[in-house]
Amino acid sequence: MERAFWFSGSGDGELRPVSLPPVGDGEVLVRTLCTGVSRGTETLVFRGEVPPSQRAAMRAPFQEGDFPGPVKYGYLNVGVVERGPQDLVGQVVFCLYPHQTRYVVPASAVTPVPPGVPPERAILAGTIETAVNAVWDASPKLGDRIAVVGAGMVGSSVAKLLAGFPATRVQLIDVDPERAKIAEALGVDFSTPEDALGDCDLVVHASASEAGLARSLELLAPEGEVIELSWYGDRRVSVPLGENFHSRRLTIRSSQVGMVSPSRRLNRSYADRLALALRILSDPVFKVLVSEECRFDELPDVLPRLAANEPGTLCLRVTYQLEDTR
């Protein structure tokens, strides 16, 4: 009997037993090695804050149950294939699957993890995929002055990718000065909001806060653009469209990983984007985004702390020991 974590939708969760179906043709049985908790999205699910209008769009590929809960939810799963097509057996794979000890999915739903990427880092594939899509949406230009507001998992990943563009000025901004350590590890300049460099051509906002969005607009040069990556759940957010918003001809544009960026949609598939994210993770610097770890059986006790916005946590890695699966 396997086990899975279920969100109640009212601020707690539990481990439930799971009976697996037989492994059919074209399917794989995967034993989970580790999963990641996508703090922003999964804590909204944990608190039951997915708005009714977005419940269909927010469904994870292998979700069970409906919002607000109980619901089996998650999408950062790395495991090893135990049964299935011969070319996949024994392979470490990434799958958009919830927190569960073992599972059966179509073979097409798993992506082999490159040999140079350890499972412990591969759980970040979904985060890096979001960052890749954001960079495609942002379309930075040579020499751009760029700010990324919000040094969480996604914002930090975006800043790292943007810093690779030639002659760009990239600054990662966060209200928590401790995030300077993350920026330093990633090789990106850091600032608190009050000291941030302005006159930006492009600002990527990923703080999920009203104040962060307002500061993003303030940092723009005339004709500048904010790429809005934050997702606020059912919270209403005030946007300062008065003062000099119109006179400076500013733009706010959304980015969301649910669709491949229009700039690449004709020649890149979801699979291409995920494979690219996994190749990017061959750089060991991204391990800095995993800031906490717990065992699978500890998850019901640990998630409430994340949902309460415990400071300092980026990605929570959940490990699955052999005894967890019995």
Side-chain angles (χ1 to χ4, degrees), residues 1-7 13-38 41-42 45 55-67 69-115 117-130 133 257-260 268-279 281 296 299 315 317-322 324-326:
M1 185 69 69
E2 306 302 326
R3 293 188 294 165
F5 180 79
W6 282 71
F7 298 80
E14 64 177 352
L15 302 181
R16 294 185 180 183
V18 177
S19 295
L20 298 184
V23 182
D25 291 341
E27 293 184 325
V28 290
L29 169 65
V30 179
R31 174 172 58 85
T32 302
L33 299 174
C34 48
T35 56
V37 174
S38 180
T41 302
E42 290 192 54
V45 173
R55 288 175 181 173
M58 274 285 295
R59 287 193 68 86
F62 295 101
Q63 174 180 324
E64 292 183 34
D66 297 307
F67 298 120
V71 62
K72 187 174 77 174
Y73 192 84
Y75 46 82
L76 301 176
N77 188 303
V78 176
V80 61
V81 176
E82 294 189 324
R83 290 182 60 190
Q86 197 58 43
D87 61 329
L88 285 175
V89 172
Q91 286 244 35
V92 175
V93 294
F94 177 86
C95 186
L96 298 168
Y97 203 88
H99 309 282
Q100 183 167 310
T101 53
R102 279 184 175 86
Y103 54 92
V104 176
V105 293
S108 59
V110 300
T111 302
V113 174
V117 181
E120 296 81 7
R121 197 189 313 149
I123 59 169
L124 295 167
T127 301
I128 303 301
E129 186 181 10
T130 302
N133 211 55
V257 72
M259 299 181 71
V260 174
R268 297 290 193 283
S269 66
Y270 290 102
D272 292 332
R273 190 179 63 184
L274 179 57
L276 172 59
L278 283 164
R279 291 200 302 274
L281 282 169
F296 175 63
L299 193 54
C315 178
R317 179 168 56 220
V318 184
T319 61
Y320 293 68
Q321 302 170 339
L322 287 177
D324 288 336
T325 68
R326 299 299 181 223

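Since the structure is predicted, the reported quantities are computational estimates derived from the model, not experimental observations.
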Of all heavy-atom pairs between [X] and [Y], which one has the smallest distance, and what is that distance?
{"X": "Gly36", "Y": "Ile123", "result": "CA-CD1, 3.9 Å"}
{"X": "Gln63", "Y": "Asp66", "result": "NE2-CA, 4.2 Å"}
{"X": "Ala4", "Y": "Val18", "result": "CB-CG2, 3.6 Å"}
{"X": "Leu281", "Y": "Leu124", "result": "CD1-C, 3.8 Å"}
{"X": "Gly74", "Y": "Ala60", "result": "O-CB, 3.9 Å"}
{"X": "Phe62", "Y": "Cys95", "result": "CE1-SG, 4.0 Å"}

**Item:** Val104 side chain reached by Arg83 side chain, heavy atoms, under 4.5 Å
**Value:**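 No, side chains not in contact.
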**Request:** Decide side-chain hydrogen bond (donor to acceptor under 3.5 Å, both in side chains) for Ser269 and Asp272; before the verdict, give the C-alpha distance in whole Å, the side-chain angles of both, and the deciding distance to 0.1 Å.
**Result:** CA-CA 5 Å; Ser269 66; Asp272 292 332; 3.2 Å; yes
Check: [X] side chain, [Y] main-chain N or O, donor-acceptor pair, under 3.5 Å:
{"X": "Glu27", "Y": "Leu29", "value": "no"}
{"X": "Tyr270", "Y": "Gly258", "value": "yes"}
{"X": "Thr111", "Y": "Ala275", "value": "no"}
{"X": "Asn77", "Y": "Pro98", "value": "yes"}
{"X": "Arg317", "Y": "Glu120", "value": "yes"}
{"X": "Gln91", "Y": "Leu88", "value": "no"}
{"X": "Thr101", "Y": "Glu2", "value": "no"}

**Prompt:** Just wondering, are more than 12 heavy atoms of other shown residues or ligands nearer than 6.0 Å to CG in Asp87?
**Reply:**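 More than 12 heavy atoms, drawn from other residues, nucleotides or ligands, come within 6.0 Å of this atom.
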**Asked** Where does the angle between the aromatic ring planes of His99 and Phe7 fall among parallel (under 30°), tilted (30 to 60°) and perpendicular (over 60°)?
**Response**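 Ring orientation of His99 relative to Phe7: tilted.
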**Prompt:** Quick one: which of Leu20, Val30, Leu15 gives a side chain to side chain contact (heavy atoms under 4.5 Å, CB included) with Gln100?
**Reply:**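 Option passing the side chain to side chain contact (heavy atoms under 4.5 Å, CB included) with Gln100: Leu20.
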**Option among Glu64, Glu14, Arg16 that satisfies the side chain to side chain contact (heavy atoms under 4.5 Å, CB included) test with Pro70** =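 The residue from Glu64, Glu14, Arg16 that satisfies side chain to side chain contact (heavy atoms under 4.5 Å, CB included) with Pro70 turns out to be Arg16.
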**Message:** Pair Val23, Glu82 - check side chain to side chain contact (heavy atoms under 4.5 Å, CB included), show working.
**Reply:** CA-CA 10 Å; Val23 182; Glu82 294 189 324; over 6 Å; no
**Prompt:** Thr35 and Tyr320: side-chain hydrogen bond (donor to acceptor under 3.5 Å, both in side chains), yes or no, with the steps?
**Reply:** CA-CA 8 Å; Thr35 56; Tyr320 293 68; 3.1 Å; yes
